[in-house]
Undergrad: 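Before I ask anything, here is the structure I am working with.
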Amino acid sequence: DQQVKQNSPSLSVQEGRISILNCDYTNSMFDYFLWYKKYPAEGPTFLISISSIKDKNEDGRFTVFLNKSAKHLSLHIVPSQPGDSAVYFCAAFTYNFNKFYFGSGTKLNVKP
Amino acid sequence: GAGVSQSPSNKVTEKGKDVELRCDPISGHTALYWYRQSLGQGLEFLIYFQGNSAPDKSGLPSDRFSAERTGGSVSTLTIQRTQQEDSAVYLCASSPRDRGANVLTFGAGSRLTVL
């Protein structure tokens, strides 16, 4: 039962352009949504989060948008840099179960 | 500690052997999670600890898998009679479990290879 889905396994963008990573979820009761970034041979690192009561959160080059009616969130990276090349995981958290549900990840390649 | 520490970082074992993976969470973090990532797959939830108790162990794949946590700190994931399909990176993460601070901090993982 995949409650969080990332339907694009990979994405390739040119340096300086916008990267848009997408995530869909099925449970309207999630309280928080998070994005994690993972380099090879390292654990995922927290990038940015958004509360379910918000629709946008921005932190430097990274912005997360939440569309609750569509049960969809996206991560925008502007401008993209080669160092952003990594696997990005979308996650959803519920206080009810203290559980984090992760998507399958999107591998981003930013070409110089 | 400053971060989540996992050991061993790499483990190669023969099919049928038992393995133990250790996680040392961030000091003061009451919540501890185990995930695993098989080759080409996403993060699969295994078990969640709050303090020393495990309110959710629904992700453990079989009764060959068990985990414990002692002193509200270190956790050990044990896999008995390992099988080749157990090969994966096992990730531990901890969280302070405060409302508004629900961010998991992950360790670097333990890569398990079962021959």
Side-chain angles (χ1 to χ4, degrees), chain A residues 1-10 21-27 29-54 57 59 62 64 86-108, chain B residues 1-10 21 23-26 29-51 53-59 88-111 113:
Chain A
D1 180 18
Q2 192 80 12
Q3 298 207 36
V4 177
K5 295 181 183 178
Q6 293 177 257
N7 293 318
S8 298
S10 64
L21 297 102
N22 293 303
C23 179
D24 297 296
Y25 61 95
T26 57
N27 188 342
M29 301 302 290
F30 285 131
D31 298 294
Y32 267 89
F33 301 90
L34 310 93
W35 285 94
Y36 280 80
K37 175 179 176 180
K38 185 181 185 302
Y39 293 117
E42 295 182 12
T45 56
F46 170 73
L47 194 56
I48 191 169
S49 66
I50 186 168
S51 164
S52 60
I53 63 172
K54 301 280 180 81
N57 187 27
D59 184 2
F62 303 91
V64 56
V87 176
Y88 289 78
F89 289 98
C90 165
F93 174 79
T94 167
Y95 285 117
N96 272 355
F97 301 109
N98 284 313
K99 200 163 178 175
F100 293 80
Y101 297 84
F102 283 84
S104 54
T106 297
K107 185 174 185 178
L108 173 66
Chain B
V4 177
S5 179
Q6 290 188 248
S7 62
S9 54
N10 273 290
L21 307 176
C23 173
D24 205 337
I26 291 174
H29 279 195
T30 57
L32 186 148
Y33 298 76
W34 283 97
Y35 288 84
R36 75 174 176 182
Q37 186 180 22
S38 303
L39 191 63
Q41 303 297 312
L43 297 177
E44 177 188 3
F45 168 79
L46 297 177
I47 188 170
Y48 152 64
F49 285 93
Q50 182 58 39
S53 63
D56 188 348
K57 52 180 82 169
S58 62
V89 176
Y90 288 81
L91 292 159
C92 175
S94 69
S95 168
R97 175 61 175 96
D98 293 325
R99 290 184 85 88
N102 293 291
V103 173
L104 286 177
T105 302
F106 281 88
S110 292
R111 179 177 294 277
T113 303

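Computed over heavy atoms, backbone and side chain alike; hydrogens, waters and symmetry mates excluded. In what follows, chains carry the letters A, B, and so on, assigned in the order in which the sequence lines appear, proteins first and then strands, with residues in each chain numbered from 1.
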Undergrad: Distance check, rounded to the nearest 0.5 Å: B:Leu91 atom CG versus A:Phe102 atom CZ?
TA: 9.0 Å
Undergrad: Looking at the rings of A:Tyr36 and B:Phe106, which for Trp means the six-membered one, are their centres under 6.0 Å apart?
TA: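 Yes; B:Phe106 has its ring centre under 6.0 Å from that of A:Tyr36.
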Undergrad: Is B:Leu43 close to chain A through its backbone or its side chain, or both, or neither, when contacts mean heavy atoms under 4.5 Å?
TA: both
Undergrad: So which part of B:Ser110 gets closer than 4.5 Å to some heavy atom of chain A, the side chain, the backbone, both or neither?
TA: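 Answer is neither: B:Ser110 stays 4.5 Å or more from chain A.
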Undergrad: Name the region of A:Lys38, side chain, backbone, both or neither, that has any atom closer than 4.5 Å to a heavy atom of chain B.
TA: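 It is the side chain, since no backbone atom gets that close.
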Undergrad: Give a yes or no on whether A:Phe97 atom CZ has more than 12 heavy-atom contacts from other residues, nucleotides or ligands under 6.0 Å away.
TA: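 Count not over threshold, so no.
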Undergrad: Do other residues, nucleotides or ligands put more than 12 heavy atoms under 6.0 Å from the NZ atom of A:Lys99?
TA: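 Yes, enclosed.
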Undergrad: Output the option from A:Phe100, A:Phe89, A:Phe46, A:Phe93 having the highest count of non-hydrogen pairs under 4.5 Å with chain B.
TA: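 Ranked by contacts with chain B, first place is A:Phe100.
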Undergrad: With chain A as the partner, which of B:Glu44, B:Arg111, B:Gln37 has the greatest number of non-hydrogen pairs under 4.5 Å?
TA: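 Sorted descending by pairs with chain A, the first entry is B:Gln37.
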